[in-house]
Amino acid sequence: MPLYTTDAIVLKSINLGEADKIVTFFTRRYGKIQGVAKGVRRTKSRFGASLEPLTYINLIYFGKEHTNLYKINTSDILEPFNKLKEDFDKLKKSLFICDIVNSTLKELDVNLKIFELFLNTLKIINRAKEIEKVDILLDIFSLRFLSASGFTPKLNNCIYCNKILSFNSTLHTPHSALSERLGFHISKGGVVCRECLNGSEDVVRINSGTINFMKKALTINISNLDRLSMPHKMERELHKIICDYINVHIDRKLKSYNLIDL
Ligand SMILES: [Zn+2]
């Protein structure tokens, strides 16, 4: 029977019978898999701690190829993310992104971009000093996640007339300079120019500054995601658009969504 070795992040862990656990992992090399850990609840061990959700581990498991339940051999903690688990706000927000990943990935679906994004986002939440930084990070994570899943929003040209949208407002200009109002078409996933706004359905209003922020959020190195910031008013606008965009494109109501109230 093949033996598999890989880094992984624990997504979910449920008790089975008297002493066992069924654990869902997002592995770097083999995608999402499920395994059973025999006897793990009999003793309080590091093995047990390594199978808690939101733990980054090195995992060895075995089983027939493409089985839906592998046997977990050993698991060593690479990063326990303790600061994230001990803070209720941080934990709640991390479980939100964990839910997006778990409910979207299919078994054995390998996606390195999403793996690195998920791992880096947990690292940033773990070290964050201000919880406000984490709020905006969730929206950036969601945007990058959608992009890595094949739903990159079209932000450079109007989706109807193809006009190039160029505006000079930066994130740090005063509100008056951010007043150019455009549209964002949720189901088509792109911007709508002022001329095409009238009469188009399924379009929400959006500031050009918010679009600029989205462009930066989609291109910045993932280890620097916490360097981006924006005015609170724009943050609410972005959050609303990203929630709608996720609901339309990922096509399921995520359980954690009602937990997130920015
Ligand atoms: Zn147009």
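Small disclaimer: the values here were computed from a predicted structure and weren't measured. First listed ligand is number 1; within each ligand, the first listed atom is number 1.
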Exercise. Going from CG on Leu238 to CE on Met214, what distance comes out if it is rounded to the nearest 0.5 angstrom?
Worked result: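 Taking CG in Leu238 and CE in Met214, the distance rounds to 6.0 Å.
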Problem set entry | For the Zn ion (ligand 1): protein N/O/S atoms at distances below 2.8 Å |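 Protein heteroatoms (N, O, S) closer than 2.8 Å to the Zn ion (ligand 1) number 4.
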Exercise. What do you reckon, are the aromatic ring centroids of Phe81 and Tyr56 less than 6.0 Å apart?
Worked result: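 When the ring centroids of Phe81 and Tyr56 are compared, they turn out to be at least 6.0 Å apart.
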Exercise. Strictly under 6.0 Å, is that where the ring centroids of Tyr61 and Phe25 end up?
Worked result: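 No, the ring centres sit 6.0 Å or more apart.
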Flag the pair [X] and [Y] as a salt bridge only when some basic side-chain nitrogen lies within less than 4.0 angstrom of an acidic carboxylate oxygen.
{"X": "Lys93", "Y": "Asp135", "result": "yes"}
{"X": "Glu52", "Y": "Lys85", "result": "no"}
{"X": "Arg127", "Y": "Glu79", "result": "no"}

